[in-house]
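Notes follow once the structure below has been shown.
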Amino acid sequence: MEVVPAAGNKKAKKHIHLFYCSECEELALKIAAGSDAIELQSINWRSFDDGFPNLFINKAHDIRGQHVAFLASFSSPAVIFEQISVIFALPKLFIASFTLVLPFFPTGSFERVEEEGDVATAFTLARILSMIPKSRGGPTSVVIYDIHALQERFYFGDDVLPCFETGIPLLLQRLRQLPDADNITIAFPDDGAWKRFHKLLQHFPMIVCNKVREGDRRIVRIKEGNPEGRHVVIVDDLVQSGGTLRECQKVLASHGAAKVSAYVTHAVFPKQSYERFMTSNSAGPGDQFAYFWITDSCPHTVKAIGQRPPFEVLSLAGSIADALQI
């Protein structure tokens with residue numbers, strides 16, 4: 001089934017049957033609400049008495065010859081196996097094409113072997129996903145947002161087509177809405193973040209920070225750039241405990257920044273570490289983030305944080321809908 005194009009459109013939109021894991025239900029609903037080309041489908045996520053998955057793909061016969069996608073969230077090792085089982089089953093249902101949307105590639109920061117014995121789990125997960133069966137239309141497309149290191153694209157085999165997207169356009173749209181939009185400076189917490197994002201933000205003044213060792217301590221310093229009088233927005237791909245972002249905020253404020261905000265695509269925040277950023281938990285105005293923008297790539301975090309200041313959620317729903325039409 002194809003969606004008939006409106007007058008003047010060059011190409012009809014693909015009609016997508018979108019399946020999703022349980023924790024991505026809210027994001028899936030947003031994706032479908034914003035596009036008449038996406039139809040939600042369901043899976044019965046059950047377990048046997050021994051804890052192993054007992055799964056059922058509803059209306060499996062109806063999706064034959066159709067374009068199918070699956071919205072995944074590998075938020076913990078405990079949920080990966082059941083989702084991988086579905087991901088490997090869907091392409092075998094005689095579908096026209098298959099797209100896996102995995103907004104957050106969770107092992108992306110474990111991509112290096114620094115000494116013998118280290119296990120690069122980013123490579124392991126990429127190899128597993130590279131084994132997804134082909135559909136009738138060919139290899140599976142894998143959509144991932146702001147993977148931690150760009151070289152990880154080479155971890156995937158030739159039997160899948162990785163599509164790397166970014167949440168930066170959502171940030172740019174939000175920055176244009178700010179009353180001080182003409183006073184924004186972008187800061188990067190380290191050289192890695194600068195390499196990752198600077199070409200997408202090059203029309204802004206920039207600051208680059210880095211960590212230096214002083215005795216037994218590692219402290220954050222400004223390597224280049226001037227924050228004085230500016231609304232400085234720290235940009236990175238993900239946050240875990242948030243220690244580096246906190247130290248960046250302090251050093252930028254001490255050097256005269258009028259405001260400090262932050263953006264990360266993936267708000268992991270293990271052990272409720274987001275609490276340290278809550279406006280209600282700050283020591284005072286000089287200790288606060290004006291805004292902390294995150295996307296909904298990590299559903300558990302979004303559910304826990306909501307829209308509590310300084311956090312604002314910039315949804316990937318529209319971007320994912322567009323990516324499914326590639």
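The shown structure was predicted, so the numbers you read here are calculated from the model rather than taken from an experiment.
Heavy-atom contacts from other residues, nucleotides or ligands closer than 6.0 Å to CD of Glu26 number 12 or fewer.
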Does the pair Tyr263 and Asp237 meet the rule for a side-chain contact (heavy atoms from CB on, under 4.5 Å), with working shown? CA-CA 8 Å; Tyr263 166 85; Asp237 64 314; over 6 Å; no

Pair Glu39, Ile16 - check side-chain contact (heavy atoms from CB on, under 4.5 Å), show working. CA-CA 6 Å; Glu39 180 181 350; Ile16 308 291; over 6 Å; no

Using side chain to side chain donor-acceptor pair (under 3.5 Å), reason through Tyr155 and Ser130 one step at a time and then give a plain yes or no. CA-CA 9 Å; Tyr155 292 0; Ser130 298; over 6 Å; no

Applying salt bridge (Lys or Arg N to Asp or Glu O under 4.0 Å) to Asp180 and Arg230, what does each step give before you reach the verdict? CA-CA 9 Å; Asp180 56 353; Arg230 307 288 291 181; over 6 Å; no

Stepwise, does the side-chain contact (heavy atoms from CB on, under 4.5 Å) test hold for Phe277 with Arg246? CA-CA 8 Å; Phe277 293 96; Arg246 259 293 176 208; 4.0 Å; yes

Begin with the C-alpha distance, continue with both residues' side-chain angles, and end with the deciding distance and a verdict on side-chain contact (heavy atoms from CB on, under 4.5 Å) for His255 and Ile222. CA-CA 9 Å; His255 282 75; Ile222 295 176; 3.8 Å; yes

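Atom CD of Gln288 sits about 9.0 Å away from atom CD of Gln249, to the nearest 0.5 Å. Atom CZ of Arg136 and atom OG of Ser97 lie 11.5 Å apart (nearest 0.5 Å). Note that CD1 of Ile207 is 9.5 Å distant from CD1 of Ile186, once rounded to the nearest 0.5 Å. For the atom pair Ile128 CD1 and Phe88 CZ, the distance stands at 7.5 Å (nearest 0.5 Å). Between the NE2 atom of His148 and the CG atom of Leu238 there is a distance of 6.0 Å, given to the nearest 0.5 Å. Atom OG of Ser319 and atom CG of Leu314 lie 11.5 Å apart (nearest 0.5 Å).
Looking only at atom types and distance, the side chain of Asn54 has no donor-acceptor partner in the side chain of Ser47 under 3.5 Å away. Using a 3.5 Å distance cut-off with no hydrogens or angles, the side chains of Ser261 and His231 do pair a donor with an acceptor. Using modelled atom types and a 3.5 Å distance limit, the side chains of Asn44 and Asn58 yield a donor-acceptor pair. Ser75 and Glu23 share a donor-acceptor pair across their side chains, judged by distance under 3.5 Å alone. Side chains of Ser42 and Tyr20: a donor-acceptor N/O pair is absent below 3.5 angstrom, by distance only.
Between Phe164 and Glu152, every side-chain heavy-atom pair lies at or beyond the 4.5 Å cut-off. Under the 4.5 Å side-chain criterion, counting only non-hydrogen atoms from C-beta, Pro139 is not in contact with Val160. For the pair Cys209 and Phe188, the minimum side-chain heavy-atom distance is 4.5 Å or more.
Looking at Trp293, Phe204, Tyr291 one by one, the single match for side chain to side chain contact (heavy atoms under 4.5 Å, CB included) with Val233 turns out to be Trp293.
Evaluation of the side chain to side chain donor-acceptor pair (under 3.5 Å) rule for Lys134 yields Asp159 as partners, not counting sequence neighbours.
Note on ring orientation: taking the six-membered ring where Trp is involved, the planes of Phe292 and Phe289 are tilted (angle from 30° to 60°).
The minimum heavy-atom distance linking Tyr145 with Ala323 is given by the pair OH-CB, 4.4 Å.
One finds no salt bridge joining Lys223 and Asp190 here, because no Lys/Arg side-chain nitrogen approaches an Asp/Glu carboxylate oxygen to under 4.0 Å. Using a 4.0 Å cut-off between a side-chain N of Lys or Arg and a carboxylate O of Asp or Glu, Arg196 and Asp146 qualify as a salt bridge.
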